Every structure is written in structure tokens, then in C-alpha cells.
Amino acid sequence: MKEGRGVRMVTGNGENSYAANSRLQEKAILETRPVLHKAIEELCKSLSARRSTMVVADLGCSSGPNTLRVVCEVIGAVQFYTRKSEEERRAVEVQFFLNDLPGNDFNIVFRSLEQLEDLGGRETQPYYVAGLPGSYYRKLFPSRSVHFFHSSYSLMWRSKVPEELSRCTHVNEGNIYIGKTTPPIVIKLFQQQFKTDFELFLALRSRELVNGGRMLLTFLGRKSEEMMMHGDVSTLFELVAKSLQSLVLKGRVEKEKLDSFNLPYYAPSVKEMKALINESKLFDIEHVRLFESNWDPQDDSESDVVLDCASSGANVAKCIRAVLEPLIADHFGDDIIEELFVVYASVVAKHLEKAKAKYPIIVASLKKAMH
């Protein structure tokens, strides 16, 4: 998969856009807010001069309100620390780099930056924002130039589909990710792709961070170590595959097209992630935990019952469409999109009648190891 044609969200700010359907990601940012503020406070303490510049990069920034939310959270954390007492007061300017693949809607990001002017008037912490198109599985910055990397809802996406799958050397028949009928060899291919990508990501970011630099990573994972008990994330994509299979039966999609379509994706367990970080010896783990969020982005309840399955199914379908539509359209064509996600909303509604479903989400705060 070429970088420019990689994973990208639905652009613009229309009804089906990612900008209008990213409340799940917003809830994750709010959930991890205390961890972000703690990391920024520690970085502020490490800045020696009274006038300093902190370089912050948001990797996989996408577009829409969440991009601004991350910028605002960092500015607020810096401002709170530097102004909480006269003794510690200092001038810290923040340089933001907003990174995503070239296909990201950077135009809407730049247009929305005007909203930040109302963040605090003259009292706002000095900040500067630049866009940085490119894959975070490549070198992005000069060595030892970044203080803080943030990435939310991005690192479960792989750099590419495993080559053996994209070449159809092995076939994941009827699936688009790891499903109940996925062959063991295909599961190993997904696992190896994650290991290769994540090790590379850690190595690149370690080189780019200053001594004592930090990363806050939030991404979808899984609760169980057993791959065939992959959990609700795998089920979510199995239901997409089921919806595509219904279009195969109607003659709307060729079976061979479905069998050759796989997502560049992998949701690791906490144990898998920690093992790779520890093996790398590049970062110290300061905080790690797993929390859960309802499939339906509009459902904030703690109840185990879905009150309106049809409504929740439609909400989930909108959320997943905003993420998967470009990948599906590239492979199958645009003409099936509307029909596919109508079917998918119904399939998800029926699934939620059995039990409420949740995303397992991993958050990890890392500090560059001293050598």
C-alpha cells in the first residue's frame, strides 16, 4: 500500500465525514487527559532556561475537532504549570507539528485553527502550528528535536497489509481482519506486521526525542491474550465482512474481491505491547492501562443493556463508515458504499440485541530511556 493511498478518514465536514463522526476518539482524549497533563508537567520541569521552546507532534492527527482538542490540552497543561506559582513562572513557547498521511484533509485542519484564537486571548501560551504530511513509520524529524509525541486512535493501523496477504499467497477467505475462520498462518502474518511496525516506530521516535522526551500513545487493543478470543474489535470487523458477504450473495460484490481485501490493522494486547517496549530498551513505561468505551459513540452509560439497538447500530455504522469508506471504495468501488453501510447498521443492531459491545483501549505513557 503506497503511503499516499494508505489509511485515511472521510474528508470534509459533511454528514459522513470523520470530523462529524469522531466522538469515540474525543472520549479517549478526555479519558487520557490526566496522563497527558502529568507528562507535560514533567517536561516543563525539565526545560532549563527561563525562555524555552517545547516541540510537540501529534501523530495521526486526522482532521476535525479532536485535532484542536489535543492542541488545546497541551497548551492548557503548559500554561497551568508555568503559571501556577511565581517561582516557577517562565516563558514556554510551544511548536506543534500535526502529522498524518498526505491523503489527510489538512485544509480543514488549517481552516479550523482560527478557532484557537479564542482560546485565551492575550493570556494564551505562545504556540505555533505546522502540518507535517508523511507516515509515522518513517523518519519525520531531526535527531533529538522533539519533546513530546502524542498519538491517539492511530497505532492499531499498520504500515501495510502483510505482503503474503496482499499477494494472495495466503487467503483469509470471507474475512477482512482476524475472524473465527482466519487460518493460523494468517494470524501470524498480522502479528508479525505489528511487531515489525511497532519496533520501527519505537526506534524512530527514540532517535527524534530529546533526552527525557515523552510519548503518550492511545490505541485500540484487546483484553485477551488468546487470538481466537480477540474480542469486540475483531467482532466489529467480522460484522463488516458479514455485510460484504451479503452483497456477494446479491451479486453486488465479487467473492474474489472480498477474499483479497484485508485491513492494514492489528489490535495488540497490553502484554504484547509491553514486551516489545521492554525488549527495545528504548523507553521506560511510566503508565499503562486498558479502559473500555461503548461501540455506540453516543452511548455514555455504564449499563450492560442497549436501550435502542437500531439507533445504536446506525451510530456505529456512521462511525465505522467515516474510517473505512476510503479503503472500501478504493478496493470495491464507490457504488456499494450506501448499501453496504445500511446493511451493516442492521447487522450491528442485531448483534447488540445479544449483548452490549465495547472497545478495549490501551493508553501508555513512555519516557525515553537514558543510556
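Source: prediction; values computed, not measured.
Under the ring-ring contact (aromatic ring centres under 6.0 Å, His included) criterion, Phe198 pairs with Phe194, not counting sequence neighbours.
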Discussion item. Let's go through Ile336 and Leu244 carefully: what are the C-alpha distance in whole Å and the side-chain angles of both, what is the deciding distance for side chain to side chain contact (heavy atoms under 4.5 Å, CB included) to 0.1 Å, and is it a yes or a no?
Written reply: CA-CA 9 Å; Ile336 70 163; Leu244 285 165; 4.1 Å; yes
Worksheet item: Given Ser301 and Lys356, is the side-chain hydrogen bond (donor to acceptor under 3.5 Å, both in side chains) satisfied, shown in steps?
Response: CA-CA 11 Å; Ser301 74; Lys356 195 168 192 175; 2.9 Å; yes
Practice prompt. Go through the steps to decide whether Arg321 and Tyr344 satisfy the test side-chain hydrogen bond (donor to acceptor under 3.5 Å, both in side chains), and finish with yes or no.
Written response: CA-CA 10 Å; Arg321 176 174 178 170; Tyr344 183 63; over 6 Å; no
Practice prompt. Evaluate the criterion side-chain hydrogen bond (donor to acceptor under 3.5 Å, both in side chains) for residue pair Tyr127 and Glu93; output intermediate values, then yes/no.
Written response: CA-CA 6 Å; Tyr127 67 92; Glu93 297 184 310; over 6 Å; no
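Taking 4.5 Å as the limit, some side-chain heavy atom of Val316 sits within range of a side-chain heavy atom of Leu236. By the 4.5 Å heavy-atom criterion applied to side chains, Glu325 and Met9 are not counted as neighbours. Counting heavy atoms from C-beta outward, Arg69 and Leu30 have side chains that approach closer than 4.5 Å. Side-chain contact between Asn104 and Tyr18 is absent, with no heavy atoms from C-beta onward closer than 4.5 Å.
Summarising the geometry of Val146 relative to Val55, their closest heavy-atom pair is CG1-O, 3.6 Å, with the distance given to 0.1 Å. Residues Leu68 and Ser112 share a closest heavy-atom pair of CD1-O, 3.4 Å. Annotation for Leu98 and Phe106: closest pair O-CE2, 3.5 Å, computed over non-hydrogen atoms. Residues Val161 and Asn262 come closest through the heavy atom pair CG2-O, 3.1 Å. Taking every heavy atom of both residues into account, Ser243 and Leu340 meet most closely at CB-CD1, 3.7 Å. Of all heavy-atom pairs between Phe190 and Tyr265, the closest is CD2-O, 3.3 Å.
Of the possible polar contacts, one joining the Asn172 side chain to the Tyr177 backbone as a donor-acceptor pair under 3.5 Å is found. Distance alone, capped at 3.5 Å, is enough to place a donor-acceptor pair between the Ser46 side chain and the Leu43 backbone. A donor-acceptor pair is defined here as one N or O able to donate and one able to accept, closer than 3.5 Å; such a pair exists between the side chain of Ser280 and the backbone of Ile277. At distances below 3.5 Å, at least one donor-acceptor pair connects side-chain atoms of Asp105 with backbone N or O atoms of Ile108. Judged by distance alone, the side chain of Lys368 and the main-chain N or O of Leu209 form a donor-acceptor pair under 3.5 Å.
Phe96 pairs with exactly one of Thr67, Val129, Leu132 by the side-chain contact (heavy atoms from CB on, under 4.5 Å) rule, that one being Val129. Each of Asn294, Asp300, Asn66 was scored for a side chain to side chain donor-acceptor pair (under 3.5 Å) with Lys27, with one residue passing: Asp300.
Side chains of Tyr136 and Arg205: a donor-acceptor N/O pair is absent below 3.5 angstrom, by distance only. There is no side-chain donor-acceptor pair under 3.5 Å between Glu26 and Tyr153. A donor and an acceptor atom, one from each side chain of Tyr266 and Arg222, are located under 3.5 Å apart. In the model, Thr196 has a side-chain atom that pairs as donor or acceptor with a side-chain atom of Gln192 under 3.5 Å.
The OG atom of Ser143 sits 7.5 Å away from atom CD of Glu208, with the distance rounded to the nearest 0.5 Å. Note that CD1 of Ile361 and OG of Ser293 are 4.5 Å apart. Values are rounded to the nearest 0.5 Å. In this structure, OG on Ser135 lies 8.0 Å from CG on Asn99, to the nearest 0.5 angstrom. Taking CZ of Arg33 as the reference point, atom CG of Leu216 lies at 13.0 Å (rounded to 0.5 Å).
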Side-chain donor-acceptor contacts of residues 57-65 below 3.5 Å, not counting sequence neighbours, with atom names and distances?
{"from": "Asp58", "atom 1": "OD1", "to": "His150", "atom 2": "ND1", "distance (Å)": "2.9"}

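Pairs engaging residues 309-341 under the ring-ring contact (aromatic ring centres under 6.0 Å, His included) rule: Phe261-His331, Phe261-Phe332 [sequence neighbours left out].
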